[in-house]
Number of protein chains: 2
Amino acid sequence: MSEIRKNSLLGVPRTSQPSKAALTRAAIMDAGQEFLLARPFRELTVGGLMKLTGHSRPTFYLYFNDLHGLMEALLDEVKVGIVEGARPWLSNEGDAVEELQSSLSALVNVGYEQGAILKAVSDAAPGDERLEQVWQAFIGSFDEVVAARIAMDQAVGITPQFDPLPVARALNRMDAAILIHAFGTRDKGDKGDVLSAIRRVWLATLYPFDAEAVINGVRDREEQK
Amino acid sequence: MSEIRKNSLLGVPRTSQPSKAALTRAAIMDAGQEFLLARPFRELTVGGLMKLTGHSRPTFYLYFNDLHGLMEALLDEVKVGIVEGARPWLSNEGDAVEELQSSLSALVNVGYEQGAILKAVSDAAPGDERLEQVWQAFIGSFDEVVAARIAMDQAVGITPQFDPLPVARALNRMDAAILIHAFGTRDKGDKGDVLSAIRRVWLATLYPFDAEAVINGVRDREEQK
DNA sequence: CTGGATTTCTGACACGATGTCGGCAAAAGT
DNA sequence: ACTTTTGCCGACATCGTGTCAGAAATCCAG
């Protein structure tokens with residue numbers, strides 16, 4: 001399950017074994033991930049978690065400050081996947097509408113895969129000042145880039161004139177909330193419904209002049225890949 | 001501070017004193033509310049809370065099952081204010097665009113006032129199964145009514161055709177998230193910015209044919225009262 | 001190998017918050 | 001005044017946390 005994680009600490013020369021410590025750390029993260037796939041964060045306990053790894057409870061504190069530290073580490077893993085998918089529309093070129101759609105589609109896919117972790121982090125965040133800030137910063141980090149892209153499209157005239165940042169904030173919070181809501185629990189919602197909904201909202205807000213997209217509703221080309 | 005709360009348990013005949021128990025309960029809720037105006041939920045503790053009331057810690061458990069029970073009670077108080085303000089647009093008649101705007105405006109106002117409590121409940125929710133469900137049900141309760149209104153406007157032809165429920169969900173989550181984000185902490189965001197943003201998104205999504213509203217952006221009539 | 005240094009782990013402890021229970025005190029009823 | 005009801009609290013057991021001193025495993029030079 002974590003071939004990725006094993007080698008993910010520094011580009012070790014070639015066949016240098018990952019230190020035992022790194023393995024243990026990875027094992028803890030794996031156990032946490034697995035646990036959170038099945039149970040909510042509030043039921044996660046250091047003792048219970050470490051029982052899954054076969055190590056003793058104090059060992060946990062050798063690698064993380066506390067459960068929130070673990071969540072922060074898990075979030076870091078998910079981060080990359082998200083920024084990855086969101087890229088096309090952000091680094092603009094080509095058709096804005098097309099690119100936004102593919103970005104949203106990618107976002108929904110990542111959300112679908114990582115929904116449990118995202119919900120777990122979002123659940124854990126309010127319990128710890130530091131994690132709360134990290135989480136807010138993560139969500140917020142998209143606000144400026146989205147706002148920037150909006151400003152650009154406004155300059156080109158394909159987006160109506162309005163203060164970009166608050167709207168960017170609103171749209172981003174919507175995405176986060178809807179993804180966590182739809183895909184955060186074991187019985188996930190319908191990917192198509194979610195994508196259609198947020199696509200409609202984004203397009204209507206940002207590209208209302210593209211009547212095809214908004215009024216006719218972008219029929220079903222671009223099933224999520 | 002809680003003249004309302006004092007009399008809020010049954011319509012007592014006339015001048016019957018509120019029972020001592022009711023007073024104590026109200027005092028606890030007041031203390032909680034006050035605390036949460038200044039500090040986050042994670043710092044709320046039964047002991048600390050009861051010190052504010054002058055009563056002993058066990059007394060708390062005479063009136064609430066636990067801190068999450070208290071949060072549920074506080075949420076109930078806020079509920080009414082919210083459904084109140086949201087009413088105009090939901091019970092449709094008159095201009096849809098106008099009414100939606102006034103509903104959103106009212107919503108932003110309530111959010112501004114009760115932001116701290118809303119954030120506290122939202123923070124507390126993931127820590128308790130029951131509260132989580134109550135909170136989800138509260139947010140979700142608007143999904144169906146909004147969806148119903150959308151379906152109505154679609155029938156009339158002022159709203160494009162699409163599956164109403166997922167879009168309603170998305171818009172509602174956006175509202176909740178943005179209100180909590182903007183008004184949940186002591187240094188609240190700008191009411192005007194928030195209102196403009198969500199108004200733009202709602203209008204663009206639901207009433208894209210109203211070019212005045214959407215494209216020109218509803219200039220500043222209706223400053224929040 | 002092998003004894004010493006380094007890395008990795010753990011048993012045992014102290015602490016803080018929770019929720020409960022039996023009984024005390026204050027108020028109300030007669 | 002005295003009994004009943006109502007409202008309250010001291011004391012306890014429990015659970016999860018985070019730390020620390022030292023044990024065990026691993027590595028490595030001689």
Side-chain angles (χ1 to χ4, degrees), chain A residues 5-6 9-10 12-13 15-32 35-36 39-73 120 123-124 126-131, chain B residues 5-6 9-10 12-13 15-32 35-36 39-73 120 123-124 126-131:
Chain A
R5 186 140 54 218
K6 280 189 207 151
L9 317 196
L10 307 176
V12 275
T15 42
S16 95
Q17 297 83 343
S19 69
K20 207 171 172 211
L23 285 180
T24 305
R25 196 186 137 97
I28 296 175
M29 289 183 66
D30 280 345
F35 181 95
L36 294 171
R39 311 291 322 164
F41 174 76
R42 63 172 161 276
E43 293 178 12
L44 182 60
T45 186
V46 177
L49 175 64
M50 294 310 285
K51 213 162 291 180
L52 295 181
T53 72
H55 289 273
S56 77
R57 200 172 63 78
T59 297
F60 174 85
Y61 296 97
L62 258 30
Y63 300 98
F64 304 95
N65 289 325
D66 54 19
L67 285 178
H68 297 94
L70 171 63
M71 298 314 296
E72 195 176 334
D123 283 357
D128 180 76
E129 168 136 33
R130 178 178 159 80
L131 183 60
Chain B
R5 188 138 53 215
K6 279 188 207 149
L9 314 196
L10 306 176
V12 277
T15 44
S16 94
Q17 300 83 342
S19 69
K20 210 173 172 211
L23 285 181
T24 306
R25 195 187 137 98
I28 296 175
M29 289 183 66
D30 280 346
F35 181 94
L36 294 171
R39 311 290 323 163
F41 174 78
R42 64 171 160 275
E43 293 177 12
L44 182 60
T45 187
V46 177
L49 174 65
M50 294 311 286
K51 213 162 291 177
L52 296 181
T53 72
H55 290 274
S56 77
R57 201 172 62 78
T59 297
F60 174 85
Y61 296 98
L62 258 29
Y63 299 98
F64 303 95
N65 289 325
D66 54 20
L67 284 178
H68 297 93
L70 171 63
M71 298 313 297
E72 195 175 334
D123 283 357
D128 180 75
E129 167 135 32
R130 178 179 158 81
L131 183 60

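Just so we're on the same page: letters track the sequence lines, and every chain starts at 1. FYI, side chains are in, hydrogens and waters are out, and symmetry mates aren't considered; it's all heavy atoms of this structure.
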Students often get this wrong, so: under 4.0 angstrom with heavy atoms, is B:Phe64 touching a base, only sugar-phosphate, or nothing?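 Since no nucleic acid heavy atom lies under 4.0 Å of B:Phe64, the category is nothing.
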
Measure from [atom1] on [X] to [atom2] on [N] and round the result to the nearest Å.
X       : N      : atom1 : atom2 : value
B:Met50 : D:dC8  : CE    : P     : 8 Å
B:Leu23 : C:dA27 : CG    : P     : 13 Å
A:His68 : D:dG16 : NE2   : C1'   : 13 Å
A:Glu43 : D:dC15 : CD    : C1'   : 15 Å
A:Leu70 : D:dG18 : CG    : C1'   : 16 Å
B:Lys51 : D:dG10 : NZ    : P     : 12 Å
A:Ile28 : C:dC9  : CD1   : C1'   : 11 Å
B:Arg42 : C:dA17 : CZ    : P     : 15 Å

Within less than 4.0 Å of OP1 or OP2 of [N], is there a side-chain N or O belonging to [X]?
X       : N      : result
B:Ser56 : D:dC9  : yes
B:Thr59 : D:dC8  : no
A:Tyr63 : C:dC9  : yes
B:Thr45 : C:dG16 : no

Is the backbone of A:His55 close enough, under 3.5 Å, to the side chain of A:Thr59 for a donor and an acceptor to pair up by distance? no

Nearest to the [X] side chain among [options], which nucleotide is it?
X       : options                : result
B:Arg57 : D:dG7, D:dT17, C:dT18  : C:dT18
B:Leu62 : C:dT18, D:dC8, C:dC9   : D:dC8
B:Tyr61 : D:dT17, C:dC9, C:dT20  : C:dT20
A:His55 : C:dC9, D:dG7, C:dT8    : C:dC9
B:Pro58 : D:dG16, D:dA11, C:dT18 : D:dA11

Just how far is it from atom [atom1] of [X] to atom [atom2] of [Y], taken to the nearest 0.5 Å?
X       : Y       : atom1 : atom2 : value
B:Leu44 : B:Leu67 : CG    : CG    : 5.0 Å
A:Lys20 : A:Leu23 : NZ    : CG    : 9.0 Å
A:Lys51 : A:Arg57 : NZ    : CZ    : 10.5 Å

A:Tyr63 meets the ring-ring contact (aromatic ring centres under 6.0 Å, His included) criterion, sequence neighbours left out, with none

Closer to the 5' end of DNA chain C via nearest nucleotide, is it B:Lys20 or B:Leu44? B:Leu44

How do B:Phe60 and A:Thr24 order along DNA chain C: which one's closest nucleotide is nearer the 5' end?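 Whichever sits nearer the 5' end wins; that is A:Thr24.
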
